[in-house]
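First comes the structure, then the notes that go with it.
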Amino acid sequence: MAMGNYGHLVKENPKDPFPRWMLMACRYGVQYCKDNDSSEWKPTIRRFQVRKIENDPDYITAMGLVENDKQKQLFTQEKNELERLRQRIEETSLKEMPVDVFISYKDRDEKGNKTDDAAWAEQLYHDLKRQGLRVFYAPESLKSKAGDLYEPYIYAAIHSAKAMIVLGTRKEYFTSP
């Protein structure tokens with residue numbers, strides 16, 4: 001939906017670099033999340049692309065449309081940060097062991113309590129492991145990754161998984177980050 005909206009803005013304002021930038025950001029699934037430690041808004045990449053950001057056609061067009069140095073510097077800094085994340089995801093995905101099954105669920109509710117889904121996901125994890133499957137289950141699979149950004153490991157598992165199981169008992173659990 002967002003890509004369609006920005007595509008429409010590109011047609012209406014072909015000389016504006018911002019909609020082109022946002023098309024690139026949508027393609028890479030860029031989302032800004034508040035860091036719990038610093039309270040800063042930091043980018044994450046939700047849709048990995050093999051192509052480097054600097055080679056993305058909308059990024060190239062946006063940079064060609066920028067008319068002032070301040071905006072060019074801002075776009076370049078942001079591109080560098082996103083490219084660093086993209087490269088980290090790519091490098092991690094090449095090193096990680098592939099998984100057979102990726103389990104996705106909502107771990108905590110809005111009050112911070114464990115959900116019923118979390119208990120079911122844990123049980124499913126143990127059942128699948130007993131069957132000899134390689135399973136991505138965040139509490140176990142990310143346990144040794146403390147202090148690292150989790151996205152590269154999650155992406156590597158999603159990318160390699162033969163199957164994904166999505167558990168959810170409430171509609172809002174399917175739309176939460």
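Starting from 1, each residue takes its place in the sequence as its number. Because the structure is a prediction, the values reported are computed rather than measured.
- Side-chain atoms of R86 come within 3.5 Å of backbone N or O of V50 as a donor-acceptor pair.
- With contacts defined as side-chain heavy-atom distances shorter than 4.5 Å, the pair F136/I154 qualifies.
- With respect to D127 and R130, a salt bridge is recorded, a charged nitrogen being found less than 4.0 Å from a carboxylate O.
- When atom types are taken as modelled, the side chain of T175 and the backbone of E172 share a donor-acceptor pair closer than 3.5 angstrom.
- Residues L9 and D16 fail the side-chain proximity criterion, which asks for heavy atoms closer than 4.5 Å.
- Within the 4.5 Å cutoff, the side chain of L128 has heavy atoms near those of the I165 side chain.
- In the hydrophobic clustering of ILVMFWY residues, with side-chain heavy atoms under 4.5 Å counting as a link, M63 and L74 come out apart.
- The heavy-atom pair separating P17 from A62 by the smallest distance is CB-O, 3.3 Å.
- Of the inter-residue distances, the one linking K79 atom NZ with L82 atom CG reads 9.5 Å to the nearest 0.5 angstrom.
- Rounding to the nearest 0.5 Å gives a distance of 8.5 Å between CZ of F174 and OG of S104.
- Environment of CG in D69: sparse, with no more than 12 heavy atoms of neighbouring residues, nucleotides or ligands closer than 6.0 Å.
- Taking a 6.0 Å sphere around NE2 of H126, one finds it holds more than 12 heavy atoms contributed by other residues, nucleotides or ligands.
- The same ILVMFWY cluster, assembled from side-chain heavy atoms under 4.5 Å apart, contains both L142 and V99.
- The shortest side-chain heavy-atom distance between E12 and H8 falls under the 4.5 Å cut-off.
- Note that CD1 of I45 and CZ of R88 are 12.0 Å apart. Values are rounded to the nearest 0.5 Å.
- To the nearest 0.5 Å, the span separating CG on L65 from CZ on R20 amounts to 7.0 Å.
- For W21 and F75, the ring centers are positioned less than 6.0 Å apart.
- With hydrophobic clusters built from ILVMFWY side chains whose heavy atoms lie under 4.5 angstrom apart, V166 does not share a cluster with V135.
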### Query
Can you list the steps and then say if E81 with R84 is a salt bridge (charged side-chain N to carboxylate O under 4.0 Å, His left out)?
CA-CA 5 Å; E81 175 67 14; R84 186 188 64 73; 2.8 Å; yes

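- A distance-only check finds a donor-acceptor pair linking the side chain of T44 to the backbone of Q31 [under 3.5 Å].
- Looking only at side-chain heavy atoms (C-beta outward), K114 and D107 come within less than 4.5 Å of each other.
- Distance alone, capped at 3.5 Å, is enough to place a donor-acceptor pair between the E83 side chain and the I53 backbone.
- Counted by atom type alone, D117 and T169 present one or more donor-acceptor pairs between their side chains at under 3.5 Å.
- A donor-acceptor pair is defined here as one N or O able to donate and one able to accept, closer than 3.5 Å; such a pair exists between the side chain of D100 and the backbone of R134.
- Using a 4.5 Å cut-off on side-chain heavy atoms (C-beta onward), D56 and Y28 make contact.
- Side-chain contact check for T76 versus K72: some heavy-atom pair is nearer than 4.5 Å.
- At a threshold of 4.5 Å between side-chain heavy atoms, the hydrophobic network of Ile, Leu, Val, Met, Phe, Trp and Tyr places F18 and Y59 in one connected group.
- Rounding to the nearest 0.5 Å gives a distance of 10.0 Å between CG of L23 and CG of N5.
- At least one side-chain heavy atom of P43 sits less than 4.5 Å from a side-chain heavy atom of E78.
- A donor-acceptor contact shorter than 3.5 Å links the side chain of Q49 to the backbone of R27.
- Residues T115 and R108 come closest through the heavy atom pair CG2-C, 3.7 Å.
- Between Y155 atom OH and F102 atom CZ the span is 12.0 Å, to the nearest 0.5 Å.
- Y153 and L133 are not part of a single hydrophobic cluster, where members link through side-chain heavy atoms under 4.5 Å apart.
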